[in-house]
Amino acid sequence: MIYRLLCCSDTHTEVPPNLDEASATAWLHAGDVVEGPEIVGDDSDPLQDFLRAPVARWFKERPLPVFVVKGNHDTVDDVHAFRHANDVTGRVVRIAESLVLAGIGWCGETYYELPLESDLRGPCDSVLRAANRILMPSDSLILLTHYPPRFPGMRELTRDVPNGGVWYDCVRGLVAELRPTAVVQGHVHSWAGTSQVVRIEDRDTTVFHPGKLGGILQVDTVCRTAEVSWPSCER
Ligand SMILES: [Zn+2]
């Protein structure tokens with residue numbers, strides 16, 4: 001089977017990108033749906049209501065299933081995104097025949113810009129256990145993670161990120177164990193609009209940073225390959 005997945009991340013209280021939903025299987029949002037603590041307590045602010053309303057409508061009215069993980073800004077759900085979407089933070093779910101999705105995101109209750117390895121190790125361990133229970137040999141897996149794993153060669157992608165960027169060894173460990181066909185990730189805005197193929201042991205994994213402009217991930221569960229395409233070549 002070939003599945004077309006509409007992907008985005010880090011939309012920060014903006015409406016997700018306008019991608020063609022015809023013949024697509026689902027949306028994947030890699031977290032930071034809202035702008036976190038800045039808007040907490042601003043319920044009476046007409047400007048904030050003006051910004052939130054179209055985002056809330058987008059999540060409520062989607063004709064496709066939306067799968068989302070929490071980013072560190074998603075400490076509130078004032079656009080009701082997590083109410084209407086499928087929150088897969090810390091979970092492993094089957095989203096189609098032979099296609100399974102695992103989610104890594106922010107599990108804390110308060111905003112924190114840079115979680116530590118120790119903050120994410122527990123969620124990675126529980127996702128690994130859940131995946132081992134659910135995955136069948138014929139399944140293809142996608143990891144949807146707000147936090148990027150550290151891979152050899154990732155440094156080349158950190159050109160715009162001071163101090164070498166943000167990445168997590170425990171998420172890389174999860175990738176090495178689970179061998180997903182693709183990793184869809186967020187958090188580092190300067191990587192948005194890029195993808196690369198990373199060789200892990202004997203397997204290629206497509207690592208995809210869709211960003212707020214979004215992109216399309218096409219997964220072939222028979223060949224276990226993934227291809228990235230962009231809605232516009234003017235990026
Ligand atoms: Zn983030």
Side-chain angles (χ1 to χ4, degrees), residues 6-17 27-40 42 48 51-52 55-56 58-59 66-82 85-91 101-124 127 142-151 154-155 157-175 180 182-196 207-215 217:
L6 311 179
C7 303
C8 64
S9 68
D10 302 281
T11 47
H12 293 278
T13 320
E14 291 182 28
V15 176
W27 281 90
L28 305 182
H29 192 305
D32 281 355
V33 173
V34 297
E35 186 47 28
E38 287 84 352
I39 56 174
V40 176
D42 283 346
Q48 295 300 340
L51 293 174
R52 284 189 287 247
V55 185
W58 189 93
F59 277 93
V66 180
F67 298 93
V68 60
V69 289
K70 284 187 172 164
N72 45 314
H73 283 275
D74 295 319
T75 50
V76 289
D77 188 21
D78 49 3
V79 297
H80 299 167
F82 291 86
N86 300 284
D87 181 4
V88 293
T89 306
R91 298 173 59 213
L101 181 69
I104 291 291
W106 180 231
C107 298
E109 292 182 358
T110 55
Y111 169 81
Y112 191 56
E113 180 58 31
L114 291 178
L116 304 173
E117 285 283 335
S118 55
D119 294 318
L120 293 181
R121 204 166 292 131
C124 285
V127 163
I142 298 167
L143 177 64
L144 180 65
T145 174
H146 188 63
Y147 298 105
R150 181 203 294 268
F151 293 116
M154 289 289 280
R155 189 165 293 278
L157 283 174
T158 65
R159 58 195 182 279
D160 298 321
V161 183
N163 306 317
V166 179
W167 38 30
Y168 291 89
D169 283 327
C170 56
V171 185
R172 183 195 50 76
L174 186 64
V175 172
V183 179
V184 179
Q185 60 192 34
H187 193 60
V188 182
H189 294 193
S190 61
W191 293 349
T194 65
S195 69
Q196 66 179 140
V207 180
F208 181 22
H209 311 82
K212 71 175 186 177
L213 297 180
L217 182 72

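Counting convention: from 1, in listed order, for ligands and their atoms alike. The figures that follow rest on heavy atoms only: side chains count, while hydrogens, waters and symmetry mates do not.
- The shortest heavy-atom contact between Q185 and S9 is O-OG, 3.9 Å.
- When you scan the N, O or S atoms of H146 for the one nearest the Zn ion (ligand 1), you land on NE2.
- Applying the ring pair (Phe, Tyr, Trp, His ring centres under 6.0 Å) test to F208 and every residue at least two apart in sequence or in another chain returns W230.
- Here D32 reaches the Zn ion (ligand 1): one of its N/O/S atoms is less than 2.8 Å from the metal.
- Counting all heavy atoms, side chain and backbone alike, P17 lies closest to K212 at CD-O, 3.4 Å.
- At a cut-off of 2.8 Å, N72 coordinates the Zn ion (ligand 1) through an N, O or S atom.
- Closest N/O/S atom of H187 to the Zn ion (ligand 1): ND1.
- Relative orientation of the W167 and W191 rings is tilted, given thresholds of 30° and 60° on the angle between their planes.
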